[in-house]
Student: 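Provided herewith is a single structure, encoded as structure tokens, for subsequent inquiry.
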There are 2 protein chains.
Amino acid sequence: MLTMSLYSGESHSGLEGAFAKKSDTDVRRGVEGISNSTLRRLEPREHVCREGEAKHYVYQVENGAVCLYRSMPDGHRQIMDFAYPGDFVGLGTSERHLLSGQAIGPTRLRCIPVSAIRQLAGRNPEFCFQLYEALSAELTAARDLLATVGTRSATERLASFLIALARRNERGGFNSNRIVLPMLRSDIADFLSLTVETVSRTFTRLKQRGIIDLPQSTLVIINDRDELEQVAGLTQQACA
Amino acid sequence: MLTMSLYSGESHSGLEGAFAKKSDTDVRRGVEGISNSTLRRLEPREHVCREGEAKHYVYQVENGAVCLYRSMPDGHRQIMDFAYPGDFVGLGTSERHLLSGQAIGPTRLRCIPVSAIRQLAGRNPEFCFQLYEALSAELTAARDLLATVGTRSATERLASFLIALARRNERGGFNSNRIVLPMLRSDIADFLSLTVETVSRTFTRLKQRGIIDLPQSTLVIINDRDELEQVAGLTQQACA
DNA sequence: CGCTACATTGAAGCTATTCAACGCCTGTGG
DNA sequence: CCACAGGCGTTGAATAGCTTCAATGTAGCG
């Protein structure tokens with residue numbers, strides 16, 4: 001049975017799509033039917049792939065995390081997404097990788113030959129539809145991020161980011177007020193289209209306002225979730 | 001035969017994906033097999049759909065153009081894409097529309113029931129894969145725009161926008177130096193995440209520099225395409 | 001212990017925004 | 001035929017927010 005149920009309740013919650021929902025797709029099950037997949041281990045900061053390279057494999061994150069980004073000619077980069085366990089890297093019909101992928105910490109990946117995906121998709125409509133669902137989730141994530149980056153202030157962006165991570169924790173059954181940040185400040189900056197300095201200052205201001213604690217640079221404690229959601233500008237009350 | 005060939009040459013040309021390549025997908029052929037589709041005519045500024053609404057149809061633009069956007073609680077909007085003839089509105093597995101769609105000028109749409117799409121996708125792997133291709137193109141467009149908005153200046157954004165439209169003309173066999181802008185300044189602003197005033201000033205500056213002419217507000221003549229590409233910051237020369 | 005990488009803080013500068021006014025074009029009615 | 005109104009576009013001046021550049025702080029690791 002084709003599920004169609006993903007994203008059934010509209011979230012409109014900033015970056016939620018960008019973190020929380022992707023891994024829930026059924027594609028994981030489908031992929032298990034592929035026999036000829038191999039594993040690959042990556043060191044922190046090691047690249048999975050580089051944009052422009054021929055795409056031989058699609059990868060699925062087993063553990064760790066990968067950031068997917070685009071490099072601009074001037075050296076800037078825009079991180080498009082973070083891929084967590086269960087998420088895919090390299091979906092889409094391009095013959096080349098359109099994004100570079102870099103492991104954030106130690107990471108293990110399952111490597112699936114594109115030819116296998118193509119074959120399975122051609123034979124099995126259900127699997128093909130699951131691919132469609134997975135891409136649909138990626139598209140939603142990209143548009144969530146675009147809306148956030150395009151219309152919100154630095155504070156709102158960072159607050160949205162933290163809330164998205166908190167929701168991700170909830171769904172995983174973890175403490176949603178205790179957020180571990182596996183990525184560097186520069187990764188957050190390149191994701192939210194800010195500078196490292198602005199990210200840092202914004203963290204500090206949230207801390208000064210008592211909304212969060214920051215016992216280590218990689219650990220955020222949310223003290224006042226409601227206030228944080230307010231600050232994220234996600235409150236619908238302004239909508240007529 | 002499944003094509004997989006879309007986007008085979010990497011473009012990396014700013015917003016190219018956002019305009020040029022989507023309509024070339026094979027889905028158009030596939031959809032012709034759907035019998036129970038109806039037509040709908042829209043006045044300028046009339047809405048195709050509103051975000052959050054239940055999704056009963058997927059639409060295909062026959063003529064005219066539609067802008068797809070997300071409204072933020074504070075009243076701002078982020079235009080995610082412009083859909084031109086051949087493009088689809090409402091693809092994806094959500095049960096609700098995730099974006100609002102508004103006709104830019106007089107527009108004719110083909111309305112395809114989601115149930116029909118779902119059925120056809122379930123039976124016909126090739127059609128399903130074409131859906132996947134179409135979404136893949138949308139995803140690329142969204143990421144192109146994200147990269148542009150996230151990393152480039154107002155001038156670079158507008159120049160990229162014009163180049164994308166020029167390329168679109170080329171592919172349609174039209175004069176690539178004569179660009180008709182069917183949308184308002186406010187649409188361009190909401191697409192590029194700028195204000196109307198900044199868009200206007202940036203047009204003026206490009207005109208003063210002799211790179212473009214602007215005989216009417218809806219007509220752009222590109223005088224110096226090379227210079228415009230330079231300004232867009234797409235020149236790869238800086239890449240090591 | 002000191003090195004290196006990352007994070008934070010400060011001060012100055014700049015780009016885009018905001019708010020306000022004006023200009024232009026089209027359509028309408030006197 | 002001209003006057004006026006309304007929508008859209010352009011321009012100007014002041015401001016705000018983020019960036020830039022530079023310095024300082026901190027934590028892990030040889």
Side-chain angles (χ1 to χ4, degrees), chain A residues 43-46 67 72 74-78 102 104-106 148-159 161 179-209 212-220 231 233, chain B residues 43-46 67 72 74-78 102 104-105 148-161 179-209 212-220 231 233:
Chain A
E43 299 298 315
R45 303 277 118 189
E46 190 180 345
C67 79
M72 306 307 272
D74 63 358
H76 280 199
R77 68 178 186 157
Q78 175 67 48
Q102 187 181 34
I104 292 194
T148 299
V149 162
T151 70
R152 323 251 59 163
S153 70
T155 309
E156 291 168 327
R157 289 183 217 181
L158 188 63
F161 179 70
I179 299 175
V180 176
L181 300 171
M183 70 288 285
L184 304 177
R185 291 289 184 272
S186 58
D187 294 326
I188 299 175
D190 290 344
F191 183 63
L192 300 177
S193 291
L194 298 168
T195 58
V196 194
E197 294 93 332
T198 301
V199 171
S200 188
R201 276 185 253 271
T202 307
F203 266 122
T204 304
R205 257 177 268 131
L206 288 176
K207 192 170 66 177
Q208 285 167 347
R209 290 170 63 176
I212 62 169
D213 268 328
L214 211 59
Q216 312 158 36
S217 70
T218 57
L219 180 61
V220 177
V231 165
Chain B
E43 300 297 317
R45 303 277 118 191
E46 191 180 344
C67 80
M72 305 306 272
D74 64 357
H76 280 198
R77 67 180 187 157
Q78 176 65 48
Q102 186 181 35
I104 293 195
T148 300
V149 162
T151 69
R152 325 254 53 163
S153 71
T155 310
E156 290 167 328
R157 290 183 216 181
L158 189 62
S160 301
F161 179 70
I179 299 175
V180 175
L181 300 171
M183 70 288 285
L184 304 177
R185 291 289 185 270
S186 57
D187 295 325
I188 300 175
D190 290 344
F191 183 62
L192 299 177
S193 293
L194 297 169
T195 57
V196 196
E197 295 92 332
T198 301
V199 170
S200 187
R201 278 185 252 272
T202 307
F203 266 123
T204 304
R205 258 176 266 130
L206 289 176
K207 191 169 66 176
Q208 283 166 347
R209 290 170 63 178
I212 62 169
D213 269 329
L214 211 60
Q216 312 158 37
S217 70
T218 57
L219 180 62
V220 177
V231 166

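Lettering follows sequence order; numbering is per chain, from 1. As the structure is a computational prediction, the values presented were derived from the model and not from experiment.
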Student: When the distance from CZ of Arg205(A) to C1' of dG10(C) is rounded to whole Å, what number comes out?
Tutor: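 The answer, rounded to whole Å, is 13 Å.
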
Student: Taking OP1 and OP2 of dT17(C), is either one under 4.0 Å from a side-chain nitrogen or oxygen of Thr195(B)?
Tutor: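 Looking at the OP1 and OP2 atoms of dT17(C), one of them is under 4.0 Å from a side-chain N or O of Thr195(B).
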
Student: How many Å lie between CZ on Phe203(A) and C1' on dT8(C), as a whole number?
Tutor: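 Going from Phe203(A) (CZ) to dT8(C) (C1'), I get 12 Å.
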
Student: Heavy atoms only: give me the nearest Glu156(A)-Gly233(A) pair and the separation to one decimal.
Tutor: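 Here Glu156(A) and Gly233(A) meet closest at OE2-CA, 4.4 Å.
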
Student: What is the distance, to the nearest angstrom, from the CG atom on Leu194(A) to the P atom on dT8(C)?
Tutor: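 Atom CG in Leu194(A) sits about 14 Å away from atom P in dT8(C).
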
Student: Specify the separation, in whole Å, of atom NZ of Lys207(B) and atom C1' of dT11(D).
Tutor: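 Computing the Lys207(B):NZ to dT11(D):C1' distance gives 12 Å.
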
Student: Classify Leu214(A) by what it touches in the nucleic acid, base, sugar-phosphate, or nothing, heavy-atom distance under 4.0 Å.
Tutor: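 The answer is sugar-phosphate, as Leu214(A) gets under 4.0 Å only of primed atoms, P, OP1 or OP2.
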
Student: Can you tell me which nucleotide in dT17(C), dT8(C), dT10(D) comes closest to the side chain of Arg185(B)?
Tutor: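 Closest nucleotide among those given: dT10(D).
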
Student: In whole angstrom, what separates Gln216(A)'s CD from dT8(C)'s C1'?
Tutor: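 Taking atom C1' of dT8(C) as the reference, CD of Gln216(A) is at 16 Å.
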
Student: Among the nucleotides dC6(C), dT19(D), dT10(D), which one has an atom lying closest to any side-chain atom of Leu184(A)?
Tutor: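 The closest nucleotide is dC6(C).
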
Student: Glu197(B) side chain: which of dT18(C), dA7(C), dA16(C) is closest?
Tutor: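 The answer is dT18(C).
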
Student: Test side chain to side chain contact (heavy atoms under 4.5 Å, CB included) on Val199(B) and Val196(B); report intermediate values, then the result.
Tutor: CA-CA 5 Å; Val199(B) 170; Val196(B) 196; 5.7 Å; no

Student: Using whole Å, what does the distance between atom P of nucleotide dA16(C) and atom NE2 of His76(B) come to?
Tutor: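 Computing the His76(B):NE2 to dA16(C):P distance gives 16 Å.
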
Student: Using a 4.5 Å cut-off on heavy atoms from C-beta on, say whether the side chain of Ile179(A) contacts that of Phe161(A).
Tutor: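 When only atoms from C-beta onward are counted, Ile179(A) and Phe161(A) do not touch, as no gap falls below 4.5 Å.
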
Student: It should be established whether Ser217(B) places a side-chain nitrogen or oxygen under 4.0 Å from OP1 or OP2 of nucleotide dC24(C).
Tutor: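 For dC24(C), OP1/OP2 do not have a side-chain N/O of Ser217(B) under 4.0 Å.
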
Student: Considering non-hydrogen atoms only, spot the tightest contact between Ser186(A) and Arg77(A) and give its length.
Tutor: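 Smallest interatomic distance, heavy atoms only, reads O-NH2, 3.9 Å.
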
Student: Which nucleotide, dT19(D), dG9(D), dC6(C), lies nearest any side-chain atom of Thr198(A)?
Tutor: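 Looking only at side-chain atoms, Thr198(A) lies closest to dT19(D).
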
Student: Starting at atom CZ of Arg152(A), determine the distance to atom P of dA16(C), rounded to an integer number of angstrom.
Tutor: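 In whole Å, dA16(C) P lies 20 Å from Arg152(A) CZ.
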
Student: Quickly work out the Asp187(B) CG to dC8(D) P distance and round it to whole Å.
Tutor: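 Between P of dC8(D) and CG of Asp187(B): 10 Å.
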
Student: Nearest to the side chain of Arg201(A) - dA16(C), dG10(C), dC18(D)?
Tutor: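 Comparing dA16(C), dG10(C), dC18(D) against the side chain of Arg201(A), the answer is dG10(C).
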
Student: So which heavy atom on Leu192(A) is nearest to which on Arg157(A), and how close?
Tutor: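 Heavy atoms of Leu192(A) and Arg157(A) come nearest at O-NH1, 2.7 Å.
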
